Amino acid sequence: MRCLYRSDYGPPDPSFEAFNDGIVPNGVTRSDVAVLATAENIGQFEAMQRKLAKGEAIIWCDQGYGWVHDPMIEGFFALSAALVVPLALFRLMRRLGFLRARTSKQRRSRAAYMGFR
């Protein structure tokens, strides 16, 4: 599971504080403490601790959008950005007239060496 859903762990508990006793567990870095302090209830806190213990990043997803973080979908978006966007940009530039497609007649009529002007 790549995402955590806030709604899976119950409603926010206004009386919950992550480190209210001032004791930080061993092996927790300063950045992990900052992340764990954002927990809204004990269920979220424990789920975040499990993710950090495994060395995984904590990603919160809105309900229904967890599929976006699937490695196959992320690869698809990266491939689209690498292949489709440059092609679309090239076609747009040709349509706007920045790049003109030359015909074979235009290529033959151009002198091989035009010299310095």
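All residue numbers refer to positions in the sequence shown, counting from 1. These figures come from a predicted structure and were not determined experimentally. The basis for the numbers below is simple: all heavy atoms, side chains too, and nothing from hydrogens, waters or symmetry mates.
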> Stepwise, does the side-chain contact (heavy atoms from CB on, under 4.5 Å) test hold for I58 with L52?
Replying inline: CA-CA 7 Å; I58 296 174; L52 291 173; 3.9 Å; yes
>> Are F19 and L36 packed together at the side-chain level, in the sense that at least one heavy-atom pair is separated by less than 4.5 angstrom?
In response: yes
>> Applying side-chain contact (heavy atoms from CB on, under 4.5 Å) to M48 and T38, what does each step give before you reach the verdict?
In response: CA-CA 10 Å; M48 293 165 76; T38 63; 3.6 Å; yes
>> I need the minimum non-hydrogen distance between A37 and A18, along with the two atoms involved.
In response: CA-CB, 3.9 Å
> Can you tell me how far CD of E40 sits from CZ of R6, rounded to the nearest 0.5 angstrom?
Replying inline: 4.5 Å
> Below 4.5 Å, heavy atoms only, C-beta onward: do F45 and R50 meet side chain to side chain?
Replying inline: no
>> To the nearest 0.5 Å, what is the distance between CD on E56 and CG on L4?
In response: 9.0 Å
> Should P11 and D13 count as side-chain neighbours, where that means a heavy-atom distance under 4.5 Å?
Replying inline: no
>> Is there a continuous path of hydrophobic side-chain contacts, each under 4.5 Å between heavy atoms, that joins I59 to V35?
In response: no
> So which heavy atom on P86 is nearest to which on A81, and how close?
Replying inline: CD-O, 3.5 Å
>> Using a 3.5 Å distance criterion without hydrogens, assess whether the side chain of N41 forms a donor-acceptor pair with backbone atoms of F16.
In response: no
> Which heavy-atom pair separates G43 from Y9 by the least distance, and what is that distance?
Replying inline: O-CD2, 3.6 Å
